[in-house]
Amino acid sequence: STPARTSTARAFPADLTFGVATAAFQIEGASHTDGRTDSIWDAFCRVPGAVINGDDGSVACDHYHRYAEDVALMAELGVQSYRFSTSWARIRPDGGPVNQRGLDFYRRLVDELLAHGIRPWLTLYHWDLPQAIEEQGGWAARDTAERFRDYALDVNAALGDRVDVWTTLNEPWCAAFLGYLAGAHAPGRQETDAALAAGHHLMLGHGLAVQALREQRADLTLGCTLNFTVAEPLDPGSEDDRDAARRIDGQMNRFFLDPIVRGAYPEDVLADLDGLGLERVVRDGDLAVISTPIDALGVNYYHGESVSTRPPAEPFGGEAPTDRQTRSPFPAAEVFSHSQGLPTTAMGWEIQPDGLAALLTRLHTDYTGPAGIALWVTENGAAMDDRVGPDGQVEDGDREAFLLAHLDAVAGVIEAGVPVHGYFYWSLLDNFEWAWGYAKRFGLVRVDYDTQRRTPKRSARRYAEVIATRRLPDGR
Ligand code: GBH
């Protein structure tokens, strides 16, 4: 378990929002109900060997039918906000005309949240592109950015009166590089030029959607969620290792952050990627669109890493369950993760709460502070090997410790003057963990996939207590 970092009792400011997060494909199921058609993840799940155990999203947590029960669970936890995503393939099946029955589901969900006093935090894209659009080129095609803007306007026309926080993308790094380069995620392509085009077009879609949504209602909170790593050189004395850390920071963090916040790709990343095709897709004016001012930056943080140009003796970290690679293998970026000797989660990710503190401090100092953008932790959480006792109770003390340690890190940076506006635990429910299928459980609430029974875990009770008291327990 994680060592306590401080003995000082931590209190949270009254205006810090506590929430939980999910994503459409990971929980909804009902994959062909009420007009929904295939997304790239439905198609990817059918590729032999792509997802562990051949799992798919056809039922998942059956949230499509059980959303009211799930909102009631959130109300019991006392969360103030719920971060969820809408499914493009439900709202624009096959990328075609609007499907009212698909929108109606989100109307019902939002009404239920508002009835319980929970603020909906809507994400438009959490990796589930309509398969029909993939067949026309997917994110590698520029047109997809414009279609994303149109879809954003459709969702906003239906929900813009009741939802005031809109984020465009979840983790474009994963969508572009795990999806189009490593092939570990849908659509399972392994093409460097398509991956760079996808990264650029995702961001272009983000910018076009922000512009269009801003025109609809000036007072919406608009933003984007990125995934971050905190990469340290294995040997700080080695120039090669320091350069490896710079490249990973460049490709995973700054490749997305700089265009959105500063309106330019970082020079060193452009040099690393020289000749790989990015220059063929960036057009004049794109960066001005991408850097349309946003109000909120969502930070997803799971773990940091120690990197080197030398491979570790034992393979370490980030392995996909299949033989597909996860570390983005740009030719110029042969970089390996090494163990830092820290305890790990069931994903093999090292538990490193001080990485979250360092990340939030850096983002505030270098990016969001100067730009006047509000900083939110939109995902943080852990898969653990939960034990179900004979009484059905789930004892997940290691998840509880993870949660408390990361909340402590958030409280610490807030005390130090970094304005963090909210924290969303990933995830409310055990759910479909992408290439890992149902084999990994991140939930505060256990899902029995045979019965769909939900059981709040020990960590859920602890989170509810933190939310109710707005302080961390003493003597952790
Ligand atoms: C998030 O992504 C997702 O938003 C969410 O849907 C998902 O369920 C959750 O986290 C848990 O996985 O070795 O180079 O592949 C996770 C972001 C980024 C974390 C990549 C692990 C591994 C780096 N991930 N990182 S690499």
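These figures come from a predicted structure and were not determined experimentally. Starting from 1, each residue takes its place in the sequence as its number. Whatever order the structure lists ligands and atoms in, that order sets their numbers, starting from 1.
Between Glu433 and ligand 1, an N or O atom pair is found at a separation short of 3.5 Å. Residue contacts with ligand 1: Asn431 is placed with no nitrogen or oxygen under 3.5 Å of a nitrogen or oxygen of the ligand (distance criterion only). When only interatomic distances are considered, the shortest N/O to N/O separation between Trp434 and ligand 1 falls below 3.5 Å.
In this comparison of Trp349, Phe432, Trp436, Trp127, the heavy atom closest to atom 21 (C) of ligand 1 sits on Trp349. In the candidate list Tyr302, Phe25, Phe228, Phe177, Tyr302 is nearest to atom 9 (C) of ligand 1, counting heavy atoms.
Aromatic rings of Phe44 and Trp434 (six-membered ring for Trp) have centroids beyond the 6.0 Å cut-off, not under it.
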Checklist entry - Can you check side-chain hydrogen bond (donor to acceptor under 3.5 Å, both in side chains) on Thr378 and Thr225, steps first, answer last? => result CA-CA 7 Å; Thr378 40; Thr225 282; 3.2 Å; yes
Checklist entry - Does the pair Asp38 and His32 meet the rule for a side-chain hydrogen bond (donor to acceptor under 3.5 Å, both in side chains), with working shown? => result CA-CA 7 Å; Asp38 274 357; His32 294 86; 2.7 Å; yes
Next on the checklist: Please evaluate residues Glu171 and Asn300 with respect to the criterion side chain to side chain contact (heavy atoms under 4.5 Å, CB included), reporting the C-alpha separation (whole Å), side-chain torsions for both, the decisive distance (0.1 Å), and the verdict.
Outcome noted: CA-CA 8 Å; Glu171 303 187 350; Asn300 291 358; 2.8 Å; yes
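Residues Asp241 and Ser308 have side chains that bring a donor and an acceptor to within less than 3.5 angstrom of each other.
Taking every non-hydrogen atom of Asn227 and a distance limit under 4.0 Å, the qualifying atoms of ligand 1 come out as 18 (C). Close approach of ligand 1 to Glu171 (heavy-atom distance below 4.0 Å) involves ligand atoms 1 (C), 2 (O), 3 (C), 4 (O), 16 (C), 17 (C). Atoms of ligand 1 lying under 4.0 Å from any heavy atom of His126, numbered from 1 in the order shown and given with element: 3 (C), 4 (O), 5 (C), 6 (O). Less than 4.0 angstrom separates some heavy atom of Asn170 from each of these atoms of ligand 1: 4 (O). For ligand 1 and Phe442, the ligand atoms under 4.0 Å from any heavy atom of the residue are 11 (C), 12 (O). Within ligand 1, the atoms closer than 4.0 Å to a non-hydrogen atom of His303 are 21 (C), 22 (C), 25 (N), numbered from 1 in the order shown.
No heavy atom of Lys440 sits closer than 4.0 Å to any atom of ligand 1. Note on ligand 1: Trp173 sits in its first shell, one or more heavy atoms being nearer than 4.0 Å. Note on ligand 1: Gln26 sits in its first shell, one or more heavy atoms being nearer than 4.0 Å. Glu305 does not count as a contact of ligand 1, since none of its heavy atoms falls under 4.0 Å from the ligand.
Comment: Glu28 engages Arg90 in a salt bridge, judged by a side-chain N to carboxylate O separation of less than 4.0 angstrom. A salt bridge does not link Asp258 with Arg254: every distance from a Lys NZ or Arg NE/NH1/NH2 to an Asp or Glu carboxylate oxygen is 4.0 Å or more. Checked for salt-bridge contact, Lys457 and Asp430 meet the test: a charged N lies under 4.0 Å from a carboxylate O.
Under the side chain to side chain contact (heavy atoms under 4.5 Å, CB included) test applied with Val413, the options Leu360, Leu359, Leu356 reduce to a single match, Leu360.
Side-chain N or O atoms of His338 include one that pairs as donor or acceptor with a backbone N or O of Arg310 at under 3.5 Å.
Taking the six-membered ring where tryptophan is involved, the planes of Tyr265 and His200 are tilted, since the angle between them lies from 30° to 60°.
Proximity of Glu379 to ligand 1, defined as any heavy-atom pair under 4.0 Å, is confined to the side chain (atoms from C-beta onward). Residue contacts with ligand 1 for Thr229 are absent, since no atom lies close enough (heavy atoms, distance under 4.0 Å).
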